[in-house]
Amino acid sequence: FLNEEPMKPTLRTLSALALITLSYNALAKDLYLVSSYDDKPYNELQILDLDTKETSKLADINYGGRLAVTENSIYVTTSSPSTQALSRVTLDGQKYRMVNRIPMTGDIPVVVDKETGQVYTSSITQDTVVEVYPDYTDSPGAPIEGEDFRFIFGDTMEECGIAYCANNTALAIDNANERMYMALGVNQETEVISFPLGEHSTVDRRQELSVEDGIDHYEDWHKIIAMHLDPKDKFLYFANEHGIYRANIKGESRKVEKILSIDESNGFEGVVDMEVDFDAGKLYWVQIGKPEIYSADLSGENVKVEYVTQGGTTFELAFMD
């Protein structure tokens, strides 16, 4: 038997292997989420198994709960009347501790560089983006620049001249090209810019998308609230309150395509957060004040309800980077 040649795979076995590989690659990831309940004093950090549709509670979150999930940790930003902070939760929810205080209030998006582990947070209210240092020493008082954080973007540094002229509303990281993507808008025409990852926004800054490329501009409210970059095809997927969009940012033609419109016939029910599972080829999003988590193909087709939050609403989604 040792001298026999290995059995050559038949067309049937190759087809079976291909189907197994395809099924494995298309398996849905676990979805991390933050939900709010009318009868509970805290928001809940949960994990949703998209195959079984079962959730498990990981931690109670006070005052907010923007998420970024890595292989080792869940990062959560919180903003209360007394403390604005970046915290870290273990994947099993057993340990929950503050990483550092941050100089921001309001809604505080967070992204993590998966290559270096550097954490970045932003805020519309302060018009800033900072790199947060993970060396909290429980020192009293406000966070100190150079000790607790480093500015990446700020309106005063941008020679803005007036407050709220360049509100940053969402962040995304392109590790392949080592660039940070930032959405600007609210009190100006919406645009997406990029600059070298880890550098200040004035270093090699370039405009990636603008209203001239087809970004919908709304006079009342038009901020981009989530951005995700496909690492393979270099499509940028993003959402505002009125829909979900994508644009090919690797070529000269960067026309924005609106792939899904949000039904506002029953009042304002716009997108409040969006996530993308590029391996499975699916979009996930939640809408203002609604308990449903929706999904669709990357083309915006086959919309369905993936999960319903019982007795509450979900306002933040995250996959493991």
Side-chain angles (χ1 to χ4, degrees), residues 66 68 70 75 104 107-124 126-132 149-160 164-217 222-240 244-259 273-276 278 298 318-319 321:
R66 287 287 183 176
T70 70
Y75 289 92
M104 297 172 171
D107 186 28
I108 306 176
V110 55
V111 293
V112 181
D113 183 344
K114 65 181 181 181
E115 300 294 335
T116 66
Q118 292 176 329
V119 183
Y120 301 91
T121 64
S122 68
S123 169
I124 301 173
Q126 273 73 40
D127 301 320
T128 57
V129 176
V130 299
E131 176 189 345
V132 184
F149 68 92
R150 177 173 71 97
F151 278 109
I152 299 297
F153 173 90
D155 60 339
T156 56
M157 298 178 184
E158 300 297 316
E159 298 181 355
C160 176
Y164 307 107
C165 73
N167 309 102
N168 50 81
T169 62
L171 302 173
I173 289 177
D174 180 0
N175 280 113
N177 297 295
E178 297 184 347
R179 295 190 75 82
M180 171 84 78
Y181 283 76
M182 181 189 303
L184 305 175
V186 179
N187 289 321
Q188 65 171 27
E189 288 191 349
T190 306
E191 64 175 330
V192 176
I193 66 170
S194 74
F195 51 89
L197 189 58
E199 300 290 345
H200 191 268
S201 63
T202 54
V203 177
D204 187 22
R205 172 175 173 167
R206 65 174 181 243
Q207 186 183 71
E208 299 288 350
L209 295 172
S210 70
V211 292
E212 295 179 355
D213 298 306
I215 295 180
D216 283 346
H217 179 76
H222 56 271
K223 69 172 183 172
I224 293 175
I225 49 84
M227 291 195 303
H228 300 283
L229 182 67
D230 187 337
K232 296 179 181 178
D233 296 328
K234 291 297 179 289
F235 274 93
L236 184 68
Y237 289 79
F238 59 94
N240 62 19
I244 298 175
Y245 311 76
R246 69 179 174 189
N248 186 342
I249 58 172
K250 67 180 179 181
E252 294 183 2
S253 177
R254 303 197 170 196
K255 184 178 180 180
V256 174
E257 176 187 6
K258 189 173 186 178
I259 59 176
D273 197 22
M274 177 199 68
E275 263 290 347
V276 187
F278 290 110
L298 294 184
F319 284 118
D321 292 332

Under 4.5 Å between any side-chain heavy atoms of [X] and [Y], yes or no?
| X | Y | answer |
| --- | --- | --- |
| Val192 | Asp213 | no |
| Phe153 | Arg205 | yes |
| Asp273 | Arg66 | yes |
| Leu236 | Glu208 | no |
| Tyr245 | Ile224 | no |
| Asp174 | Lys234 | yes |
| Leu298 | Tyr237 | yes |
| Tyr120 | Val111 | yes |

**Q.** Derivation and outcome, side chain to side chain contact (heavy atoms under 4.5 Å, CB included), residues Leu197 and Gln118
**A.** CA-CA 10 Å; Leu197 189 58; Gln118 292 176 329; 5.7 Å; no

(Q) Check the orientation of Phe149 and Phe151. Use parallel for under 30°, tilted for 30 to 60°, and perpendicular for over 60°. (A) perpendicular

**Q.** Smallest separation among heavy atoms of Met274 and Ile225, with atom names
**A.**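 Nearest heavy atoms, Met274 then Ile225: N-CD1, 4.5 Å.
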
Q) Salt bridge or not for Glu257 and Lys255, using N-O below 4.0 Å? A) no

Q) Among all residues two or more places apart in sequence or in another chain, which pass the side-chain contact (heavy atoms from CB on, under 4.5 Å) test with Glu212? A)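 Counting only residues at least two positions away or on another chain, Glu212 forms a side-chain contact (heavy atoms from CB on, under 4.5 Å) with Ser210.
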
Q. Among Ile215, Asn248, Val211, which residue meets the side chain to side chain contact (heavy atoms under 4.5 Å, CB included) test with Val256?
A.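 The passing option is Ile215.
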
Q) Which value, rounded to the nearest 0.5 Å, describes the distance between Ile108 atom CD1 and Ser122 atom OG? A)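 Rounded to the nearest 0.5 Å, the CD1-OG separation comes out at 8.5 Å.
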
